[in-house]
Every structure is written in C-alpha cells, then in structure tokens.
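I have placed the structure first, in the form of structure tokens, so that the comments after it can refer back to it.
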Amino acid sequence: MDHIVECVPNFSEGRNPETIAALVAAIRSIRDIFLLDQEMDYDHHRAVMTFAGSPHSVAEAAFQVTRAATGLIDLRGHQGGHPRVGATDVVPFVPIRGVTMDDCVALAREVGRRIGTELNIPVFLYERAASAPHRTNLEAIRKGGLEGLAERMRHDPAWRPDFGPPAPHPTAGVTVVGARPPLIAFNVNLNTGDLETAKAIAKKVRFSSGGLPYVKAIGVELASRRLVQVSMNLTNFEETPIHAAFEAVRREAEMRGVQVAGSEIVGLVPQQALLHAAQWFLALERFDSSQVLETRLANAIAQGGSSLERTAPTSSAEWAASMTAFLAAVSAGTPTPGGGSVAALAGALAAALGVMGCRIGPPRSGGAAADSPAASKPDLDWARIELRLLELRDKLRQLMQADADAYETVLRAYRLPKTDPVRAEAVTAALQKATEVPLETATLTAETGELLRSLLRRVKPSVATDVKVGLWMAVAAIEGARENAAVNLKSLTNQDVASHLKTKLQAVERSLEDLKRL
C-alpha cells in the first residue's frame with residue numbers, strides 16, 4: 001500500500017465493552033483497513049481507537065464508526081474525567097506514507113461534511129484543518145465543555161460550526177474533525193488522591209501556562225484507583241520528548257511531597273520516541289538509532305546489502321559538479337542555506353578526510369615508526385573508527401539540510417500574525433530547534449575531531465596532512481555551529497529548555513578548547 005493515512009478517533013465511552021465491540025465492528029466492516037489499537041478507560045470514560053489504510057478507506061471507516069457511535073452513546077448521562085463535547089468527540093487524520101498534510105485536511109473536510117449533513121451533528125474543524133485561528137486548538141473548542149460550546153454557538157457568530165446544524169445533537173453533541181501530525185497521549189499517575197495537586201502540576205507543565213512547548217496537560221481523578229493523573233498530549237515529541245514531560249511532572253510532584261505512581265501511553269507511540277527516552281534515562285553515550293538491531297537489519301534489507309558498503313570512487317569532474325548547486329545556493333543572497341549549513345558541511349568534510357585516512361591505513365610498520373612517540377601506544381581499532389566516522393559524516397551531511405529547515409521554520413513562525421494564538425508556541429519551538437540543530441552539528445563534529453586527533457600520529461605520512469586539514473575543518477565547523485547556537489539561545493524564553501541547552505553548549509566549548517591544543 002503506497003498511500004497510508006492513520007485515524008485516531010476518541011469516543012465518550014469507556015465502561016461498556018459491548019459498545020466498544022460494536023464500534024470496532026464498524027471499523028472492521030470497511031475493506032483495506034487495519035485496526036492497530038483500541039483502548040478504553042473507566043475513569044476517563046473514554047475509548048481511543050487507531051486504524052490505518054488507504055485514504056478513501058480510512059475516510060469511510062471514520063464516518064461509519066461515527067454513525068455507529070451516534071446510535072450507541074448518549075451524552076446526556078455521561079460522567080467522566082476527560083473533557084468532551086461529543087459522543088464521537090474528536091476524529092484526527094494523520095499522514096503516514098505517500099500522503100501530505102493537505103491530503104489529510106481534505107479528508108477531514110470530506111468526513112466533517114458527511115457527519116454534518118448525513119448525521120445532523122455539528123462539526124468543528126481543528127488543527128491543520130481549522131477554518132479560523134481561534135479553532136486551531138482542541139482545548140479552545142472544548143472550553144466550558146459541551147454546555148459552554150453550545151452557549152457560544154447560540155450567541156457568537158464566530159462559533160458557528162463548519163458543517164451541520166447550529167445547535168448540538170441532542171444525544172451525540174458535537175464532533176471535532178481535523179488533520180495533525182502524530183502525537184503521543186502520555187499520562188503520569190501520582191500517588192495521591194488530591195485532584196488539585198494534579199491540576200496545579202498540569203498548569204505548570206503545559207505550554208499555554210508557560211511550561212514545555214508542544215505539551216497540553218490537564219489534571220484528572222482516577223477514582224477507581226484512588227490516584228490522580230496528569231494527562232498530557234505531546235503534539236511534537238521531537239521538540240518535547242516523553243522523558244522531558246515525565247521529568248517535569250516528577251519534579252513538580254516532588255516539590256509538593258508527592259511521588260510518581262507510574263506512567264502510561266494511550267494508543268500507539270513512534271519507536272523513535274521510546275529510543276529518545278531510553279537514551280536519556282540510561283545516560284547512553286554516543287548512541288544512535290542505527291544501533292538498534294531491527295533498524296539496522298531493516299535498512300540493510302531495504303538497500304539490498306550493507307548500508308555502510310563502500311562505493312566506487314567518482315571522478316574529480318563528478319564530485320566537483322555535485323558541489324556546484326550547493327555553492328550556488330549559498331551564494332544566492334537568500335537566508336538559507338547559510339552559516340549553519342556550511343558549518344555542517346565542514347564537519348562532514350572533516351569526517352570524510354578521517355575515513356580516507358582509515359582506508360589508506362596505518363604505516364606498514366604497524367601503526368608508527370619505531371622511534372615515534374606513538375610507537376609505545378596500543379594500535380587503533382581502525383575498522384571501528386572508520387565505521388563511526390562514516391556515521392558521523394552522514395549525520396553531518398543531513399544536518400546541512402536540517403539547519404536550513406530549522407531557520408526557515410523560525411522565519412515562518414515570526415511571520416504569523418501577532419494575534420494568532422499559536423504564534424508564541426510556534427516561535428518558541430522554532431527557536432529551540434534552531435538552537436538544537438547547530439548544537440548537534442557542534443557535538444558530532446567535536447567527536448569527529450577527537451577521532452581525527454587519534455588518527456593523526458598513526459596514519460601514513462602521505463595522509464597525515466589530510467587528517468590535519470580535517471582537524472582544522474572540524475575546529476572551524478564547531479566554531480561556526482557554536483556561534484549560531486549561542487545567538488538563538490539568547491532568544492529562548494523557556495528557562496528550563498535554555499538551561500539544558502546552555503549546559504550542552506558549555507560541553508561543546510570545552511571540547512573545542514581541547515581540539516585547539518594540537
């Protein structure tokens with residue numbers, strides 16, 4: 001299947017297994033649909049289902065399960081901990097493969113129109129499909145619950161639904177339909193029954209109250225377990241990963257004398273998000289996702305062989321021509337690609353010179369002349385260093401584009417109208433990314449420099465000069481990337497994030513000083 005969309009509808013039912021079974025049956029009745037996950041929670045009184053398939057099939061399944069929920073769920077007697085405005089409360093479409101966000105926006109509008117006209121349920125479009133800025137955030141639509149939304153629909157023209165009648169359905173309420181990137185529903189349970197504690201911590205960690213970017217949080221009572229919960233949506237786990245949200249809740253809880261009882265993920269989670277968490281909590285050094293057995297095997301199978309296989313050398317005319325477009329882009333007088341991309345290129349070139357040194361190899365005497373200072377030192381693991389330098393080269397090459405993308409995101413964020421409710425969050429997240437990318441460039445290049453220094457006195461004399469050029473390229477790359485990161489760091493307003501990044505910057509500066517002492 002070349003075109004795949006995910007849909008994650010949420011229903012206001014978490015206590016009746018027969019109702020959930022009927023909703024599942026409605027989804028499975030559509031061909032080419034894969035039901036990936038189903039969750040129900042008694043205290044939240046909510047069910048979440050995840051299914052995927054071709055765009056047409058997903059759209060049809062989303063409509064049919066909404067139709068089923070309309071006949072099975074009656075909001076008039078609903079009591080649960082999770083905010084809601086509808087029997088089928090929210091229906092998001094997520095692009096997975098071979099489709100764009102615009103494709104998912106079109107699906108949201110199509111399904112929203114059918115729900116409004118065929119089921120007579122008011123529909124509000126949200127996130128990327130929103131028809132107005134004040135409807136982008138789901139919590140803005142849910143403000144005051146169904147009763148509050150119904151009141152706004154009666155008296156405020158700005159809150160007329162996108163589709164369907166002007167008043168809520170008597171039993172099914174209102175449905176919110178949209179398109180968004182993947183998010184992680186992540187909850188942290190606290191070993192207390194005090195709901196006000198959970199609400200206070202949620203207020204501290206959510207972005208709308210000055211907390212972490214891309215974090216939405218509420219406090220919920222888990223009456224059946226005599227606990228309370230900080231229930232979160234992480235709308236961009238690359239910017240604010242799971243471990244950052246967990247640690248923020250844990251710190252706030254400990255300040256109030258409360259311990260964490262556990263955490264949970266509702267629905268599915270991207271593998272990369274768990275790798276981020278593992279790397280953080282295990283304090284793994286120099287870890288990357290290519291070390292995961294399944295990832296390395298999948299890459300090798302996809303490429304028909306080793307992803308680190310040596311390629312035949314190209315002619316000087318070929319590699320010179322391949323640089324022409326990049327040099328022209330840097331010279332064009334546009335903001336990107338700029339100094340950050342050039343710094344990443346310098347780091348990649350430094351790593352490439354190290355690979356060359358490894359492949360030409362040590363002196364035939366075994367690594368050093370008998371009277372050289374290196375002769376008494378153990379020889380290097382040349383294969384391991386070559387492998388790591390290859391990985392560093394490729395990562396730094398990718399950061400050339402990542403740096404340009406990060407700066408473009410900053411520009412787009414600043415261009416948003418100052419009245420746009422998402423502008424502050426967008427600017428903060430964009431500046432954080434624009435700081436993290438050059439910091440990663442500097443960190444990876446610092447590791448490259450250390451490897452080159454270990455090679456310098458052990459390579460053949462004919463390649464020692466090339467390795468030394470690589471070392472100075474690494475120094476220049478670190479200097480440039482450090483400067484970019486420091487400038488963007490000054491504009492960050494989130495002090496927790498700024499403090500974390502400042503610590504990383506200081507580590508880079510120490511590595512730079514060491515490399516300069518050749």
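What you see below is based on every heavy atom in this structure, not just the backbone, and it leaves out hydrogens, waters and symmetry mates.
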If only atom types and distance count, is the side chain of His3 paired as donor or acceptor with the main-chain N or O of Gly98 below 3.5 Å? yes
Does the pair Leu505 and Arg482 meet the rule for a side-chain contact (heavy atoms from CB on, under 4.5 Å), with working shown? CA-CA 7 Å; Leu505 182 62; Arg482 179 190 66 168; 3.6 Å; yes
Applying salt bridge (Lys or Arg N to Asp or Glu O under 4.0 Å) as the test, list every pair that has at least one member in residues 128-150; sequence neighbours left out. Asp89-Arg142, Arg135-Asp162, Glu139-Lys216
Mind checking what makes side-chain hydrogen bond (donor to acceptor under 3.5 Å, both in side chains) contact with Arg15, not counting sequence neighbours? none
Charged N-O contact under 4.0 Å between Glu151 and Arg154: yes
Other residues, nucleotides and ligands only: do more than 12 of their heavy atoms fall within 6.0 Å of CZ on Arg225? no
Between atom OG of Ser12 and atom CZ of Arg84, what is the distance when rounded to the nearest 0.5 Å? 6.5 Å
Are Ile4 and Phe34 side-chain neighbours, meaning at least one heavy-atom pair lies under 4.5 Å? no
If we ignore hydrogens and angles and just use 3.5 Å, is the side chain of Asp74 paired with the main-chain N or O of Arg76 as donor and acceptor? yes
To the nearest 0.5 Å, atom CD1 of Ile201 lies from atom CD of Glu196 at 11.5 Å
Test side chain to side chain contact (heavy atoms under 4.5 Å, CB included) applied to Glu13 and Thr19, Leu75, Leu72, the passing residue: Thr19
Taking atom types as modelled and ignoring hydrogens, do the side chains of Asp43 and Ser224 form a donor-acceptor contact shorter than 3.5 angstrom? yes
With a 4.5 Å heavy-atom cut-off, do Val220 and Val228 have their side chains touching? no
Rounded to the nearest 0.5 Å, the NZ atom of Lys395 sits from the CD atom of Glu391 at a distance of 6.0 Å
Test item: Asp41 and Val266 side chains (from C-beta on) under 4.5 Å apart, heavy atoms: no
Closest non-hydrogen atoms of Ala245 and Leu234, given as atom of the first, atom of the second and distance, are CB-CD2, 3.9 Å
Nearest 0.5 Å please: distance from the CG atom of Asp405 over to the OG1 atom of Thr336. 8.0 Å
Inter-residue atom distance His500.NE2 - Leu439.CG, 0.5 Å rounding: 9.0 Å
Can you find a heavy atom in the side chain of His276 that is under 4.5 Å from one in the side chain of Glu238? yes
Is it the case that the side chain of Glu425 and the backbone of Tyr214 share a donor-acceptor pair, with hydrogens and angles ignored and the cut-off at 3.5 Å? yes
Does a donor on one side chain sit under 3.5 Å from an acceptor on the other, for Thr70 and Arg67? no
His134 and Trp159 aromatic ring geometry - parallel, tilted or perpendicular at 30°/60° bounds: perpendicular
Determine, stepwise, if the pair Val260 / Asn189 fulfils side-chain contact (heavy atoms from CB on, under 4.5 Å). CA-CA 6 Å; Val260 169; Asn189 299 330; over 6 Å; no
Between Asp420 and Pro133, the two heavy atoms sitting closest are OD1-CB, 4.3 Å
Is the backbone N or O of Met400 less than 3.5 Å from a side-chain atom of Ser341, with the two atoms forming a donor-acceptor pair by type? yes
Would Lys433 and Val437 count as a side-chain contact (heavy atoms from CB on, under 4.5 Å) here? Give the steps. CA-CA 6 Å; Lys433 188 68 173 179; Val437 170; 4.0 Å; yes
Does this structure show an ion pair linking Glu60 with Arg114, if we count only N-O contacts that are shorter than 4.0 Å? yes
Which heavy-atom pair separates Phe281 from Glu247 by the least distance, and what is that distance? CE2-OE2, 3.6 Å
Which residue is it: Val111, Ile121, Leu125, Thr117? I am looking for the one with a side chain to side chain contact (heavy atoms under 4.5 Å, CB included) to Phe163. Leu125
With a 6.0 Å cut-off (strictly less than), is the heavy-atom count around CD of Gln506, excluding the residue itself, greater than 12? yes
Under 3.5 Å: donor-acceptor pair, side chain of Asn488, backbone of Ala434: yes
Please state whether the rings of His243 and Trp280 are parallel, tilted or perpendicular, taking 30° and 60° as the class boundaries. parallel
Would you check, one step at a time, whether the test side-chain contact (heavy atoms from CB on, under 4.5 Å) holds for Phe11 with Ile20? CA-CA 9 Å; Phe11 304 95; Ile20 302 305; 5.8 Å; no
Whether His82 and His44 hold their rings parallel, tilted or perpendicular, with breakpoints at 30° and 60°: tilted
Between Thr100 and Asp103: side-chain donor-acceptor atoms closer than 3.5 Å: yes
With side chains defined as the heavy atoms from C-beta onward, is the minimum distance between Val410 and Leu431 less than 4.5 Å? yes
Which is it for Arg251 and Glu254 under the salt bridge (charged side-chain N to carboxylate O under 4.0 Å, His left out) test, yes or no, and what are the steps along the way? CA-CA 5 Å; Arg251 286 196 305 269; Glu254 289 186 351; over 6 Å; no
Would the distance check show the side chain of Thr240 and the main-chain N or O of Asn236 forming a donor-acceptor pair, the cut-off being under 3.5 Å? no
In Å, rounded to the nearest 0.5 Å, how long is the span from NZ of Lys199 to CG of Asp194? 10.0 Å
Between Thr175 (side chain only) and Thr88 (backbone N and O only), is there a donor and an acceptor less than 3.5 Å apart? yes
Would a distance-only check, ignoring hydrogens and angles, find a side-chain to backbone donor-acceptor pair under 3.5 Å from Glu239 to Gln432? no
Answer yes or no: are there more than 12 heavy-atom neighbours, outside Phe51 itself, under 6.0 Å from its atom CZ? yes
Between Ile242 and Val269, is any pair of side-chain heavy atoms under 4.5 Å apart? yes
So, the side chain of Ser57 versus the backbone of Arg31: is there a donor-acceptor pair under 3.5 Å, distance only? yes
Minimum-distance pair of heavy atoms, taken over all atoms of Pro95 and Arg180: CD-O, 3.6 Å
For Ala26 and Val65, the nearest pair of non-hydrogen atoms, with its separation, is CB-CA, 4.0 Å
Would you say the side-chain atoms of Arg423 pair up with the backbone N or O of Tyr414, donor to acceptor, closer than 3.5 Å? yes
Does the side chain of Ile27 reach to within under 4.5 Å of the side chain of Gln38, using non-hydrogen atoms? no
With heavy-atom distances below 4.5 Å as the criterion, would you say the side chains of Leu396 and Thr441 are in contact? yes
Over all heavy atoms of both residues, which pair between Asp403 and Gly340 is shortest? Give the atoms and the distance, please. OD1-CA, 3.3 Å
